[in-house]
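Quick notes on the structure that follows.
Excluded from the calculations below are hydrogen atoms, water molecules and symmetry mates; all remaining heavy atoms, backbone and side chain alike, are included. All of these numbers come straight from a predicted model, not from anything done at the bench.
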Amino acid sequence: MKKNNITKKDIWLFLAQAAVWLLMLLILPLATFISTRDWQSTSTSMVMVWRMLRAPLLVYFANFYIFGPYLFFRRRYWLFVLCNLVLILGINYGFFVGYFMFREHVPNMDGRAWIGFFSGAFMFLFLNTVIAAVAIGIRHFMRIRQIKQQLQDEKAKNTEAELAWLKNQINPHFLFNTLNNISSLTQIDADAAQDAIAQLSDLLRYAMYETNKKTVPIQGEVEFMRNYIELMKLRCNEKAEVSTNFSIENPQYPVAPLLFISLVENAFKHGVSSNRPSTIDISLVQSGNQLAFTCDNTNYPKDDADRSGSGIGIENTRRRLELMYKDRFQWEQSLNNDIYHVSVTVKN
């Protein structure tokens, strides 16, 4: 059975409610004392107020802490009504006993006495029913707020888990493509391949140890992107032209790690041909609180036999943008005259 641990919030809530009821109990006696300076009158006022409010007070706390959570919100409505009825009648037991004692001394009660009795009984029931409804209403409001908070916390946890899953896909994704490039290079230039492996080692070190935070400084991302582009250029021949532009005002500008690398990868995957002229133009500009990435490349679609990269990169990038920069990013992509264009602008 799950235990209900009492938290500081629960204690403060009880004290706040107790303070409100205490204020209602004391306000009339205090007013009496201020106006009369008579302790006897103040004491009489205190007793009178207590007799008036003790039943509503007990009904309120019983419904707030017992009947509401354990009966009403568990849909045990008939038991809830029965318990409240027993409580209200029990608290007002003296009223009914007094009536029957009065009836024994006055056998022939006229209609006005009956009306007075039933009016008093109705007022007792109505007042305590209203108090019970207020207690349930306040408890329901707090319960809804708690449920909403739990849903928000659960959503945040799911979002963090999804972001981690998306980012974890990036590492093997670009690693797969880079290893393909180095594998081809080993057949052409072994020394260059060795240098490329060392460069890949630096990339992996950054990806594994520097990107575990929600955001990283843009300076590290730029350096990572430069090295990555150099490795990607290994697959390019003399017919390919690759140009880059990095303009950063604030090297410490925070950005989601590895956010644009899939778009760079996509440009090399689909923008380079072995026998036709190819162009790739990559730009990353940070100014103020805005970061703009653009990439234009020739478009040479791969056939179904080429499964390198598996096409998950762009989808992951868009999903990460939606999760981390909701309502704070713009995405544009187009294909005109065999030039694929993608532009992403984010704001902090």
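- Counting side-chain heavy-atom gaps under 4.5 Å among Ile, Leu, Val, Met, Phe, Trp and Tyr, the cluster of Leu22 also holds Leu26, Leu30, Met46.
- Tracing side-chain contacts under 4.5 Å through hydrophobic residues (I, L, V, M, F, W, Y), one never reaches Leu23 starting from Val47; they form parts of separate clusters.
- When the shell of 6.0 Å around CD of Gln219 is examined, it contains 12 or fewer heavy atoms from other residues, nucleotides or ligands.
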Which atom pairs, one a donor and one an acceptor, fall under 3.5 Å between side chains of residues 341-348 and the rest of the protein, sequence neighbours left out?
from, atom 1, to, atom 2, distance (Å)
His341, ND1, Asp296, OD1, 2.7
Asn348, ND2, Tyr253, OH, 3.2
Asn348, ND2, Pro254, O, 2.9

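- Taking hydrophobic clusters as Ile, Leu, Val, Met, Phe, Trp and Tyr residues chained together by side-chain heavy-atom distances below 4.5 Å, Ile144 does not share a cluster with Tyr70.
- For Val130, the side chain to side chain contact (heavy atoms under 4.5 Å, CB included) partners at least two apart in sequence or on another chain are Phe126, Val134.
- With 3.5 Å as the limit, one finds a donor-acceptor pair spanning the side chains of Tyr65 and Gln17.
- The two residues Ser278 and Gly271 have their closest heavy-atom pair at CB-O, 3.2 Å.
- Judged purely by atom type and a 3.5 angstrom limit, Gln286 uses its side chain to pair as donor or acceptor with the backbone of Gly288.
- Closest heavy-atom contact between Ile280 and Cys295: CG2-SG, 4.5 Å.
- For Leu15, the CG atom is densely surrounded, since the number of other residues' heavy atoms within 6.0 Å is greater than 12.
- Of all heavy-atom pairs between Thr317 and Trp331, the closest is CG2-CZ3, 4.0 Å.
- Counting heavy atoms of neighbouring residues, nucleotides and ligands inside a 6.0 Å radius, atom CZ of Phe73 exceeds 12 of them.
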Output side-chain donor-acceptor pairs under 3.5 Å for residues 239-246, partner residues at least two apart or in another chain, one line each.
from, atom 1, to, atom 2, distance (Å)
Lys239, NZ, Asn275, O, 3.1
Ser243, OG, Asp281, OD1, 3.0
Asn245, ND2, Ser283, OG, 3.4

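- Cluster annotation: Ile131 is connected to Phe61 through the hydrophobic network of ILVMFWY side chains, with a link wherever side-chain heavy atoms come within less than 4.5 Å.
- Judged by a 6.0 Å distance limit and a 45° cone about the ring axis, Arg276 is not positioned over the six-membered ring of Tyr300.
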Side chain to side chain contact (heavy atoms under 4.5 Å, CB included) evaluation trace for Phe72 with Arg139
CA-CA 11 Å; Phe72 186 84; Arg139 190 76 184 192; over 6 Å; no
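- Shown here for Ala256 and Arg320, the closest heavy-atom pair between the two residues is CB-NH2, 4.1 Å.
- Both Ile11 and Tyr60 belong to a single network of hydrophobic side chains, linked directly or stepwise wherever heavy atoms of I, L, V, M, F, W or Y lie under 4.5 Å apart.
- Take Asn84 and apply the side chain to side chain contact (heavy atoms under 4.5 Å, CB included) test, not counting sequence neighbours, and it matches Val59, Asn63, Phe67, Phe80, Ala132.
- Between Met142 and Phe64 the shortest heavy-atom distance is SD-CZ, 3.8 Å.
- Each of Arg318, Lys326, Arg319 was scored for a side chain to side chain donor-acceptor pair (under 3.5 Å) with Glu322, with one residue passing: Arg319.
- Qualifying ring pair (Phe, Tyr, Trp, His ring centres under 6.0 Å) partners for Phe141, counting only residues two or more places apart in sequence or in other chains: none.
- For the pairing with Leu291, the side-chain contact (heavy atoms from CB on, under 4.5 Å) check across Leu259, Leu284, Asn250, Val285 returns one residue only, Leu284.
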